[in-house]
> 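Have a look at this one.
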Amino acid sequence: MGDRDHGNTVRAWLRGIEVFAGPLPEFVLERAPADPVALFLSWLSDAVADGLRDPHAMTLSTVDEAGDPDARVLILKGVDGSGWQFAGHGFSPKGHQLTIHPRAALTFHWPQHGRQVRLRGPVTPGSAQDSAADFLSRSVTARAESLLARQSQYLTDTAERDHALEKSLALVEQDPSLVDAGWTLYTLAPDEVEFWQAAKSRIHTRLRYERAADGWERCQLWS
């Protein structure tokens, strides 16, 4: 089979995969609250109540110094009137990128509900106290691994890694209050938040909240 035939086979296979297979929730725009935080928490609660796996997982998208996009999946740490919180090491690639370009996007996807939430806006690092509190809430192994400050570096010897992690674990167990100064709790304060509800008809519903001087403005978008 040639590359062209193989490509056509893959395209046909992909088009044959069913999407929006199960029942989908209704999204009544007239009932949408004035604040996107309230609607987000409602959709997140629906995902938790229905047993969706990792409902608080999200994609964090950033750009590097060359303007190239980068993305990875993280866990939401909190959401309130100040914005959406996530955490990471300040010396990691995402930490460097956020230092250079302190703006990002977050994407939540709950496929069983046919729902997405997309946010874009500036990102600010939290206080040393808040970052330390988040760090200490992590598991012992996660804290030990973070203290190595080697995230995304080339790994050529797993035995070296295991030995370094063993030493780091011993330090954490010896001093449970030990904090990685590079660990940072970030907050994205969105300029806009979009809620996307799929429909089997493919006439999807999209509602965007745009930040205004006195709160939020809501506008419906073409699907």
Side-chain angles (χ1 to χ4, degrees), residues 40-41 44 47-48 51-80 82-111 116-190:
F40 173 82
L41 291 175
L44 179 60
V48 173
L52 274 60
R53 293 189 60 178
D54 304 322
H56 53 337
M58 61 189 183
T59 299
L60 167 68
S61 301
T62 54
V63 295
D64 64 16
E65 58 271 22
D68 292 326
D70 203 355
R72 75 290 288 161
V73 177
L74 300 178
I75 294 297
L76 178 68
K77 293 300 186 80
V79 57
D80 55 29
S82 66
W84 277 248
Q85 288 88 44
F86 60 93
H89 206 290
F91 302 146
S92 68
K94 61 180 169 289
H96 287 300
Q97 291 163 8
L98 289 170
T99 297
I100 298 169
H101 299 294
R103 295 183 62 85
L106 296 176
T107 306
F108 294 85
H109 183 212
W110 301 296
Q116 295 182 56
V117 178
R118 303 168 58 220
L119 310 91
R120 295 193 300 178
V123 176
T124 55
S127 67
Q129 181 179 0
D130 289 341
S131 296
D134 182 80
F135 182 80
L136 293 174
S137 70
R138 309 182 80 213
S139 70
V140 171
T141 303
R143 280 180 276 157
E145 196 275 338
S146 177
L147 286 164
L148 296 176
R150 301 288 297 274
Q151 188 182 54
S152 299
Q153 296 181 20
Y154 290 115
L155 174 63
T156 58
D157 186 347
T158 56
E160 178 189 1
R161 177 203 60 192
D162 294 345
H163 179 64
L165 183 57
E166 184 179 354
K167 291 176 63 177
S168 188
L169 275 168
L171 287 175
V172 174
E173 291 169 352
Q174 182 179 355
D175 183 3
S177 64
L178 186 62
V179 171
D180 185 342
W183 190 257
T184 306
L185 183 68
Y186 296 95
T187 297
L188 186 150

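FYI, the numbering just counts along the sequence from 1. Just so you know, these numbers use all the heavy atoms, side chains as well, and skip hydrogens, waters and symmetry mates.
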> Answer yes or no: are there more than 12 heavy-atom neighbours, outside R143 itself, under 6.0 Å from its atom CZ?
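Result for CZ/R143: enclosed.
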> Search all heavy atoms of Q116 against all heavy atoms of T107 and return the closest pair with its distance.
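It is OE1-CG2, 4.3 Å.
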> A side-chain contact here means heavy atoms from C-beta on lying under 4.5 Å apart; do L147 and L178 qualify?
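Side-chain contact under 4.5 Å: yes.
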> For D64 and Q97, work out which heavy atoms get closest and say how close.
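For D64 versus Q97, the nearest heavy atoms are CA-CG, 3.7 Å.
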> Identify the heavy atoms of P69 and V63 that sit nearest to each other, and give their distance.
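Here P69 and V63 meet closest at CA-CG1, 4.2 Å.
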> How many angstroms lie between atom NE2 of H89 and atom NZ of K94, to the nearest 0.5 angstrom?
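Interatomic distance, H89 NE2 to K94 NZ, rounded to 0.5 Å: 9.5 Å.
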> I'd like to know whether F108 forms a side chain to side chain contact (heavy atoms under 4.5 Å, CB included) with L44, so could you lay out the CA-CA distance, the side-chain angles of the two residues, the decisive distance to 0.1 Å, and finally the verdict.
CA-CA 9 Å; F108 294 85; L44 179 60; 5.9 Å; no
> Is the backbone N or O of A142 less than 3.5 Å from a side-chain atom of S146, with the two atoms forming a donor-acceptor pair by type?
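Pair absent, no side-chain N/O of S146 close to backbone of A142.
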> Where is the tightest heavy-atom contact between T187 and G83, given as atom of each residue plus distance?
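Closest heavy-atom pair between T187 and G83: CG2-CA, 3.9 Å.
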> Nearest 0.5 Å please: distance from the OG1 atom of T59 over to the CG atom of L106.
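So the OG1 of T59 and the CG of L106 are separated by 9.0 Å.
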> For the atom pair OG (S61) and CZ (R103), what is the distance rounded to the nearest 0.5 Å?
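The distance works out to 13.0 Å.
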> Looking at D70, I100, D68, which one forms a side-chain contact (heavy atoms from CB on, under 4.5 Å) with T62?
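So the option named by the test is D70.
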> Under a 3.5 Å distance rule, please check whether T184 uses its side chain to pair with a backbone N or O of G182 as donor and acceptor.
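Such a contact is found between T184 side chain and G182 backbone.
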> Ignoring hydrogens, what is the shortest heavy-atom contact between L98 and A104? Give both atom names and the distance.
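Between these two residues, the closest heavy atoms are CD2-CB, 4.1 Å.
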> I'd like to know if the side chain of H96 and the backbone of F91 have a donor-acceptor N/O pair within less than 3.5 Å.
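Yes: the side chain of H96 pairs with the backbone of F91.
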> Can you measure from NZ (K77) to CG (L185) and round to the nearest 0.5 angstrom?
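Those atoms lie 7.0 Å apart.
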> Mind telling me whether W84 and F40 have parallel, tilted or perpendicular rings, with 30° and 60° as the class edges?
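Plane angle over 60°, so perpendicular.
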> Using 0.5 Å steps for rounding, measure from the CZ atom of R150 to the OG atom of S92.
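Those atoms lie 14.5 Å apart.
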> Is the closest side-chain heavy-atom distance between T124 and P102 below 4.5 Å?
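Side-chain contact under 4.5 Å: no.
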> Is it the case that atom CD in Q174 sees more than 12 heavy atoms from other parts of the structure closer than 6.0 Å?
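Open: at most 12 neighbouring heavy atoms sit under 6.0 Å from CD of Q174.
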> Identify the two heavy atoms, one from S131 and one from G126, that lie closest to each other, and give their separation to 0.1 Å.
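Smallest interatomic distance, heavy atoms only, reads OG-O, 4.0 Å.
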> Could you tell me whether the side chain of L155 reaches within less than 4.5 Å of the side chain of E160, counting heavy atoms only?
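A side-chain contact under 4.5 Å is absent here.
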> Any chance you could measure L60, atom CG, to F86, atom CZ, to the nearest 0.5 Å?
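Spacing of CG (L60) from CZ (F86) equals 4.5 Å.
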